[in-house]
Amino acid sequence: MANKIDARNFKGTRDYLPQEMIKRNEMITIIRSVFEKYGFVPLETPAVEYLDILMGKYGEEGDKLIYKLDYKGGSVAGMKYDLTIPLARVMTQHNHLVLPFKRYQIQPVWRADRPQPNQGRYREFYQCDADIVGVNTMIADAEIINMIHQILSQLDIGRFVIRINHRKILSGITAFVGLPKNKEIDLCRGIDKLDKIGREGVLKELSDQGFKEDEIHKIFDILAIEGDIHKVLTELKNIFKNNEIGLQGVIDLENIIEYLKNLGTPLENIKLDLYLARGLDYYTGAIYESSSLDLPHIGSLTGGGRYDHLIQSLGGNDYPAVGTTIGLDRIATVLSQQNKITEKDSLTNVLVTIFDETSVKKSMEICSLLRKNDIKTEIYYEITKMKKQFNYADKKKIPYVVILGPEEMTTQKISIKDMSKGSQEQINQDELITYLNNKLGKNP
RNA sequence: GGGAGUAUAGUUCAAUUGGUUAGAGCGCCAGAUUGUGGUUCUGGAUGUUGUGGGUUCAAGUCCCAUUACUCCCCCCA
């Protein structure tokens with residue numbers, strides 16, 4: 001025999017066992033139904049893309065994390081890194097799509113970084129994207145943010161915050177401080193840690209980064225702006241008096257806030273974060289990210305923004321676009337660390353037992369009848385002692401067990417045991433469906 | 001990409017300064033109970049101690065390498 005194979009998962013990938021899949025499917029059902037409620041239509045794209053399409057869109061770090069496929073001597077393809085670039089590609093290739101094109105997409109993506117399950121970080125993970133192509137009003141941005149709020153609330157993840165910012169505000173700040181454009185990212189990175197390392201820490205970090213004293217001084221002027229969103233935006237407007245690009249960002253955000261109110265979005269979960277940067281290169285306007293307030297170590301649960309020229313950069317029309325991704329695995333991690341995952345081993349409602357050879361036919365008929373009436377039903381596959389059959393129902397947490405023994409045969413009744421109560425009753429066959437529908441809460 | 005830690009049965013963990021045949025809980029299988037699970041009682045099965053080398057009279061235990069996993073930073077979903 002050949003060497004023993006060491007069965008294991010590829011690093012950073014997991015098997016989603018039934019218990020987990022049942023929960024994931026429930027989550028996906030919620031997400032999909034919200035997407036559809038807002039008028040989004042489904043799209044799927046291949047796992048693999050040509051490398052020239054993937055490269056250069058995600059920033060320097062991102063490019064390194066693309067899984068490259070090596071075949072026929074040359075690396076020309078890679079696993080998709082997100083769902084936004086594939087959408088942009090689709091938009092360039094299918095001109096007949098009605099604008100605004102609103103699509104949702106729920107698929108895995110791959111990133112070659114170091115897995116960290118505790119933070120919900122994997123190499124293969126699911127993204128649930130919703131994007132609006134062809135609209136440049138902030139109504140679209142507001143709808144996306146509103147929808148994120150809706151989904152996170154419905155998934156019952158506990159306290160969360162959606163942080164918003166604008167690429168043009170970042171540019172405005174960079175200009176205000178007097179820095180060259182390429183320092184923008186360093187600037188954000190340094191200041192973003194304010195919460196973690198405090199004022200002194202940021203000061204040190206910035207001077208280590210080579211920022212001059214007067215520059216740091218100006219940065220702290222901006223840092224000093226505090227208060228609610230409106231106040232901050234008003235003060236920024238003042239600072240950006242002669243700064244057209246920064247001003248544009250502020251106006252966009254003002255509009256978004258206004259529209260969010262119109263949509264009835266509770267603003268207490270939404271925070272303006274002037275130092276939210278987001279690594280992906282293609283963003284051009286408003287950007288947003290959300291995280292759990294109870295489990296901040298898990299990082300971002302959703303992330304998105306406006307990317308007005310990405311589609312053109314792939315050779316398509318210059319369509320404005322905005323969208324978000326919902327990080328299914330991150331959210332699942334939050335729920336699991338909050339012990340909110342009720343473990344289900346089965347979706348079956350009824351187990352039909354088989355008493356002996358003479359009752360096989362009857363049991364199978366009842367099983368079939370239940371299924372015809374949309375009741376999730378299993379039949380036990382062996383003619384064996386009741387003990388084993390009940391034990392199976394118990395292990396799989398199947399709530400009802402049907403018994404058809406000699407006694408039931410002669411009385412023309414069916415015995416049904418309620419496994420959680422331990423109680424058992426006999427009913428007429430023609431009452432069976434009504435009885436179970438009642439028990440399962442299916443009748444109005 | 002940088003740093004740290006862990007590895008013993010299906011699983012969670014034991015095993016004295018290195019010292020006989022590596023143990024226990026849970027789980028699993030069987031019986032008590034030939035029409036009934038979840039409780040109880042009785043019995044049973046399961047290990048190349050991650051892998052390879054080294055030190056030693058003797059290694060689960062010490063050393064080196066390797067692999068896997070975990071954690072932190074970076075970045076993100």
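To find a chain, count down the sequence lines: A is the first, B the second, and so on, and within it residues start at 1.
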### Query
How many Å lie between CG on A/N391 and P on B/G37, as a whole number?
8 Å
### Task
For A/G422, answer base if it contacts any base atom (sugar-phosphate contacts may also be present), sugar-phosphate if it contacts only those atoms, and nothing otherwise; contact means non-hydrogen atoms under 4.0 Å.
base
#### Entry: Salt bridge present between A/E26 and A/K344 (N-O < 4.0 angstrom)
yes
### Task
Dump the intermediate steps for salt bridge (charged side-chain N to carboxylate O under 4.0 Å, His left out) on A/K396 and A/D345, then the final yes or no.
CA-CA 5 Å; A/K396 298 236 342 223; A/D345 295 284; over 6 Å; no
### Message
Quick check on B/G27: is either OP1 or OP2 less than 4.0 Å from any side-chain nitrogen or oxygen of A/K395?
### Response
no
### Message
Applying a 4.0 Å non-hydrogen cut-off, can you work out what A/Y122 is touching in the nucleic acid: base, sugar-phosphate, or nothing?
### Response
base
### Query
How would you label the contact of A/Q389 with the nucleic acid (heavy atoms, under 4.0 Å): base, sugar-phosphate, or nothing?
nothing
### Message
Under 4.0 Å, counting only non-hydrogen atoms across every strand here, what does A/K64 touch: a base, just sugar-phosphate, or nothing?
### Response
nothing
### Task
Under 4.0 Å from any atom of RNA chain B, heavy atoms only: list the residues of residues 289-309 of chain A that qualify, in numerical order.
A/G299, A/S300, A/L301, A/T302
### Protein-nucleotide distance (A/D345, atom CG; B/G38, atom P), rounded to Å
16 Å
### A/K385 vs B/G31: side-chain N/O to OP1/OP2 distance below 4.0 Å
yes
### Task
Determine, step by step, whether A/R306 and A/D141 satisfy the salt bridge (charged side-chain N to carboxylate O under 4.0 Å, His left out) criterion, reporting the C-alpha distance in whole Å, the side-chain angles of both residues, the deciding distance to 0.1 Å, and the verdict.
CA-CA 7 Å; A/R306 180 164 279 280; A/D141 295 64; 2.7 Å; yes
### Query
Think A/Q116 has a side-chain N or O under 4.0 angstrom from the OP1 or OP2 of B/C75?
no
#### Entry: Note: A/R14-A/D329 ion pair, threshold 4.0 Å (strictly below)
yes
### Query
How do A/R330 and A/K387 order along RNA chain B: which one's closest nucleotide is nearer the 5' end?
A/K387
### Query
How are the rings of A/Y283 and A/Y307 set to each other: parallel, tilted or perpendicular (split at 30° and 60°)?
perpendicular
### Query
Between A/D281 and A/K57, is there a side-chain N and carboxylate O pair less than 4.0 Å apart?
no
### Task
Check the geometry between A/F355 and B/G35 and answer yes if their rings are stacked (centres below 5.5 Å, planes below 30°), otherwise no.
no
### Query
Of the nucleotides B/U36, B/G35, B/G1, which has the atom closest to the A/K417 side chain?
B/U36
### Task
Run the salt-bridge test on A/E60 and A/K64 with the 4.0 Å N-O cut-off and return the result as yes or no.
no
### Message
Strictly below 4.0 Å: does A/N118 bring a side-chain N or O up to OP1 or OP2 of B/C72?
### Response
yes
### Aromatic contact, A/F101 with A/H94 (centres under 6.0 Å)
no
### Query
Quick one: is the NZ or CZ of A/R24 closer than 6.0 Å to the six-membered ring centre of A/Y16, and within 45° of its axis?
yes
#### Entry: Residue A/D394, side-chain heavy atoms: nucleotide from B/C75, B/C76, B/G37 that is nearest
B/G37
### Task
With heavy atoms under 4.0 Å as the rule, sort A/P117 into base, sugar-phosphate or nothing.
sugar-phosphate
### Query
Would you say the side chain of A/R114 and the base of B/G3 hold a donor-acceptor pair, judged only by whether the two atoms sit under 3.5 Å apart?
yes
### Message
Regarding A/G120, tell me which of base, sugar-phosphate or nothing describes its non-hydrogen contacts under 4.0 Å with the strands shown.
### Response
base
### Message
Quick check for you: among B/C75, B/C29, B/A77, whose closest atom lies nearest to any side-chain atom of A/F125?
### Response
B/A77
### Message
Which is more 5' along RNA chain B, the nucleotide nearest A/G12 or the one nearest A/D329? Just name the residue.
### Response
A/G12
### Message
Within the 4.0 Å heavy-atom criterion, would you say A/E408 contacts the bases, only the backbone, or no part of the nucleic acid?
### Response
base
### Message
Between P on B/A77 and CG on A/D113, what's the gap in Å once rounded to a whole number?
### Response
11 Å
### Message
Is A/Q119 close enough to B/C72 that one of its side-chain N or O atoms is under 4.0 Å from OP1 or OP2 there?
### Response
yes
### Message
Run through RNA chain B and report every stem of 3 or more consecutive Watson-Crick or G-U pairs, distances under 3.5 Å, ordered by first number.
### Response
B:1-7 with B:67-73, B:10-13 with B:23-26, B:28-32 with B:40-44, B:50-54 with B:62-66
### Query
Ion pair present between A/R111 and A/D113, side-chain N to carboxylate O less than 4.0 angstrom?
no
### Message
Would A/R32 and A/Y104 count as a cation-pi pair here, with the cationic atom under 6.0 angstrom from the ring centre and within 45° of the axis?
### Response
no
